[in-house]
Amino acid sequence: MTVQLPDETALEVPDGASGLDVARAIGEGLARAALGIRVDGELRDLAAPVPDGARVEIVTARSGDDALWLVRHDAAHVLATAVMELYPGVKISIGPPVDDGFYYDFDFPDGVKVSDADFERIEAKMREHVKADETFERSELPVAEAIERFRAEGQDYKVELIEDLVRNADPAHPVETVSLYRNGPFTDLCRGPHAPSTGRIKAFKLTSVAGAYWRGDASRQMLTRIYGTAFLSKDDLAAHLERLEEARKRDHRKLGRELDLFMFSELSPGSPFWKPNGQQLKNELTALWRDENADRGYREVQTPIIYDADLWKQSGHWHVYRENMYFTEVEGRTMGLKPMNCPAHTQIYSSERRSYRDLPIRYSEAGLVHRHEPSGTLHGLLRVRHITQDDAHIFCTEEQVPEEVQRCLDFGFAIYDVFGFEPRLELSTRPEKRVGSEEMWDRAEAALAKALDDRGLPYELNEGDGAFYGPKIDLHMTDSIGRSWQLGTVQLDYYMPEQFGLTYTGADNAEHRPVMIHRALMGSFERFIGILIEHYAGEFPLWLAPVQAVVLPIADRHNGYADRVAAELRAAGLRVEVDDRGESVKRKIREAELRKLPYMLVVGDQEADDGTVSVRRHRAGDIATEPVATFAERATAEVAARTDGGSAR
RNA sequence: GCCGGAGUAGCUCAGCUGGUAGAGCACUCGCCUUGUAAGCGAAAGGUCGUCGGUUCGAGUCCGACCUCCGGCUCCA
């Protein structure tokens, strides 16, 4: 028979040849290096038979993700092997490879707690199995036998997995057998594939331990998940750990403290305190948002943060969202802090009679909302309870929906472009806890999908993750260590206009129901700034930098001149400090560099005589000695352009 | 909310098996008057997250709670 190789050549191999046979036919060296194969696009064991005419690709350490996937999958099994030996009575569940490594979930016997202090011991045991270079052997077992086997071993989770496999199978292709993989003393229920043997894991490390619900279900058993990572060389592992270390340096929580941007207090968990520097940055961002809103036909409003529960009953929040809201009793009335601005905006809408000629009406609000996020989910600025949204609600006719949604997307991309962000798009559809009719959801979901498709934008379908009142298009960004966060959102809502009885008078002089579009582009200033800090690693573009320049007099006698320079620059609209402490220039520069201040202006006898400043740019070093006015022009132009001035990394 | 870990000076961290707290940097003061990433010296600074327990004695051991960190669930 023949197989197709990636370079389009055909290779003659004996009937029934395995992947290894194919590799051998190409070369002995390749056969030794082979970890697995891709057959017609599917990753398989090296030992798997190859069908006649198949396209076969040999996976080696140089195959990138395929190779990592195999080795990490292997490492997960080796982890389970070690844990089974060290902790008799442990029950195993699942252990897949993931983005940066792998994990395995265990149910340890009562009283056994595993922490990272145990990693050394577990890793040592894992090393033994890697060194032994145990072969991964695949076998197939009839379902009944497999269940019996795992039941006998007390591996209840495996039994449940097999039973579910059988139950959820396509009736046309019932599951009759399951595959097992054995390495050394350990056998696991596993679909595969695996590399030929444990010795192919050239470098691994356990990284963390965490709780994880069995099958991701919060009502079920909490298992212990051990995370690790594995690579094809020690250098790759070292490089990976190095990257993690670098990522930690740009963690917004660390930079927020170091750069004096914000702080937290135990007395108000999940609520940032903006310090002057952080507030300055937030103000600049708000100014950008205001400018852009004004350009696009939005009118800014501000609404109260606390309302009678009646409002929340009418909006649906009371029924669906109460758990996440803060309530208080005042003179016998139940009042709730707003978790969203939408009901408030409907009040303004319905305060007047509206004509079709008025639509679309676009209200924007830097709205302050409070949500009682579960304590375990709070995370710096990225998950807070005190949220300032760059919110807006558009009231329009059904016909106007497509254009308004497009405008929102355009607006979002325009904002993200300022920072060089490339968000990932998601379309989130009807959730389980929802309001409104199925027909309404069909209509709304179709409208959003069409908006994305019309522009050919790639997006992910996130089923069941919509808002309770309507589907949404979300813009996601990742933080410094690769966690994804939702920022912007555009939500289509037919429900709330109905609930609040919103109307407009049409050209036919009859009353009609408007449609509401909820949209936040940055999402919240808190989360957006968190991402921004990590994106810039705290080295903000000039327009955002809380302090844009610091004047550094060389000796006390230059303080007067330094003050005059600062005054001139402030008059030009720049945010300038003078460091007139009796410290050395070296020290002042070092500290300014650590504060990541964009410009340092050194002034001494020479500069005072000539009316100049010696300009040093953060990271770049000395760039010029120029008249104060020239520097002012340089800096104000940079600010006006809202460019990153080359500081983004 | 759930599982695990952690909480010592403003920050980063020491403090062995219980014997009433220590360093560097920062802050304050003094000297130095400085030319592109740390000048020198002195003083000061802590209810060891909170509350309770064990003990002659608790930063250290035990319990509860709070907050933070890593995940899980959740993220309207």
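Every heavy atom of this structure was used, including side-chain atoms; hydrogens, water molecules and symmetry mates were not. Numbers restart at 1 for each chain; the letters A, B, ... are given by sequence-line order, proteins then strands.
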Inset, instruction - For B/rG4 and B/rC75, measure between their P atoms and round to the nearest Å. - result: 24 Å
Inset, instruction - Considering only NZ, NE, NH1 and NH2 on the basic side and carboxylate oxygens on the acidic side, decide whether A/Arg430 and A/Glu438 come within less than 4.0 Å. - result: yes
Inset, instruction - Pick the C1' atom in B/rG22 and in B/rA64, then give their distance to the nearest Å. - result: 31 Å
Inset, instruction - Answer yes or no: is there an ion pair linking A/Lys472 with A/Asp474, defined by an N-O contact shorter than 4.0 Å? - result: yes
Inset, instruction - Decide, yes or no, whether a salt bridge links A/Glu246 with A/Lys249 under the criterion of side-chain N to carboxylate O below 4.0 Å. - result: yes
Legend entry - P atoms of B/rA58 and B/rG53, separation to the nearest Å: 12 Å
Legend entry - Between P of B/rC2 and OH of A/Tyr213, the distance in whole Å: 8 Å
Inset, instruction - Looking at every strand, decide which applies to A/Arg483 at a 4.0 Å heavy-atom threshold: base, sugar-phosphate, or nothing. - result: sugar-phosphate
Legend entry - Distance between P atoms of B/rC16 and B/rG30 (Å, rounded): 39 Å
Legend entry - C1' spacing across the pair B/rC62 / B/rC74, given as an integer number of angstrom: 34 Å
Inset, instruction - Please determine if A/Arg72 forms a cation-pi arrangement with A/Phe102, meaning its NZ or CZ atom is less than 6.0 Å from the six-membered ring centre and no more than 45° off the ring axis. - result: no
Inset, instruction - Measure from CG on A/Leu378 to P on B/rC69 and round the result to the nearest Å. - result: 8 Å
Inset, instruction - Could you measure between the two P atoms, the one in B/rC13 and the one in B/rA6, and give it in whole Å? - result: 15 Å
Legend entry - Which residues share a salt bridge (Lys or Arg N to Asp or Glu O under 4.0 Å) with A/Lys125, sequence neighbours left out: A/Glu85, A/Glu128
Inset, instruction - Measure up the A/His345 and A/Tyr363 rings against each other and bin them: parallel (under 30°), tilted (30 to 60°), perpendicular (over 60°). - result: perpendicular
Inset, instruction - Could you tell me whether a side-chain N or O of A/Asp610 sits under 3.5 Å from a main-chain N or O of A/Thr612, the two making a donor and an acceptor? - result: no
Legend entry - A/Asp99 atom CG, neighbour heavy-atom count above 12 within 6.0 Å: no
Legend entry - 5' precedence on RNA chain B between A/Gly376 and A/Asp251 (nearest-nucleotide basis): A/Gly376
Legend entry - Nearest-Å distance once atom C1' is located in both B/rG59 and B/rA14: 12 Å
Inset, instruction - Could you tell me whether A/His317 contacts a base, only the sugar-phosphate backbone, or nothing, with contacts defined as non-hydrogen atoms closer than 4.0 Å? - result: nothing
Inset, instruction - For nucleotides 28-36 of chain B, just jot down a letter per nucleotide in 5' to 3' order: B, S or -, based on protein non-hydrogen atoms under 4.0 Å. - result: ----BBBBB
Inset, instruction - Please state whether the phosphate of B/rC3, meaning OP1 or OP2, lies under 4.0 angstrom from any side-chain nitrogen or oxygen of A/Arg220. - result: no
Inset, instruction - Remember a base hit wins even if backbone is also touched, and classify A/Ala218 as base, sugar-phosphate or nothing at under 4.0 Å, heavy atoms. - result: sugar-phosphate
Legend entry - Pair A/Tyr599-A/Phe631, ring pair (Phe, Tyr, Trp, His ring centres under 6.0 Å): steps then yes or no: CA-CA 10 Å; A/Tyr599 285 109; A/Phe631 172 74; 5.0 Å; yes
Legend entry - Separation of B/rC11 P from A/Phe264 CZ (nearest whole Å): 15 Å
Inset, instruction - Please confirm whether the backbone N or O of A/Asp579 pairs with a side-chain atom of A/Lys588, one donor and one acceptor, at under 3.5 Å? - result: yes
Legend entry - Any residue meeting side-chain hydrogen bond (donor to acceptor under 3.5 Å, both in side chains) with A/Arg483, in chain and number order, not counting sequence neighbours: A/His379, A/Asp479
Legend entry - Nearest to side-chain heavy atoms of A/Arg257, which nucleotide of B/rC72, B/rC11, B/rC69: B/rC11
Inset, instruction - In whole angstrom, give the distance that lies between atom CG of A/Leu206 and atom P of B/rG71. - result: 16 Å
Legend entry - Interatomic distance where CG belongs to A/Asp479 and C1' belongs to B/rC69 [whole Å]: 14 Å
Legend entry - Residue closer to the 5' end of RNA chain B, A/Ala467 versus A/His618 (nearest nucleotide): A/His618
Inset, instruction - Using only side-chain N and O atoms of A/Arg527, determine if any of them is under 4.0 Å from OP1 or OP2 of B/rC75. - result: no
Inset, instruction - Would you mind checking if A/Arg557 and A/Asp605 are paired as a salt bridge, meaning a charged N to carboxylate O distance below 4.0 Å? - result: yes
Inset, instruction - Could you check whether the rings of A/Phe262 and A/His252 sit parallel, tilted or perpendicular, using 30° and 60° as the cut-offs? - result: tilted
Inset, instruction - May I ask you to decide if the ring planes of A/His372 and A/Tyr326 are parallel, tilted or perpendicular, using 30° and 60° as cut-offs? - result: perpendicular
Inset, instruction - Measure from the side-chain heavy atoms of A/Pro269 and tell me the nearest of B/rA37, B/rC68, B/rU73. - result: B/rC68
Inset, instruction - Indicate yes or no for a side-chain donor-acceptor contact from A/Glu365 to the backbone of A/Asp391 under 3.5 Å, with no hydrogens or angles considered. - result: no
Inset, instruction - Starting from P on B/rG71, measure out to CZ on A/Arg383 and report it in whole angstrom. - result: 13 Å
Inset, instruction - Within residues 222-231 of chain A, find the residues that approach RNA chain B with a heavy atom at under 4.0 Å, and present them sorted by residue number. - result: A/Met222, A/Arg225, A/Tyr227
Legend entry - Length of the line joining A/Leu597:CG and B/rA37:C1', which is rounded to integer Å: 13 Å
Legend entry - Nearest-angstrom distance, P atom, B/rC27 to B/rU17: 36 Å
Inset, instruction - For A/Lys254, report the nucleic acid contact type (base, sugar-phosphate, nothing); a contact means any heavy atom under 4.0 Å. - result: nothing
Legend entry - Within residues 113-125 of chain A: residues closer than 4.0 Å to RNA chain B (heavy atoms): A/Lys113, A/Val114, A/Ser115
Legend entry - Presence of salt bridge, A/Glu160 and A/Arg220, under 4.0 angstrom: yes
Inset, instruction - Give the stems involving RNA chain B, where a stem is 3 or more consecutive Watson-Crick or G-U wobble pairs (i with j, i+1 with j-1, and so on) under 3.5 Å. - result: B:1-7 with B:66-72, B:10-13 with B:22-25, B:28-31 with B:39-42, B:49-53 with B:61-65
Legend entry - Rounded interatomic separation in angstrom, taking CD from A/Gln221 and P from B/rC2: 15 Å
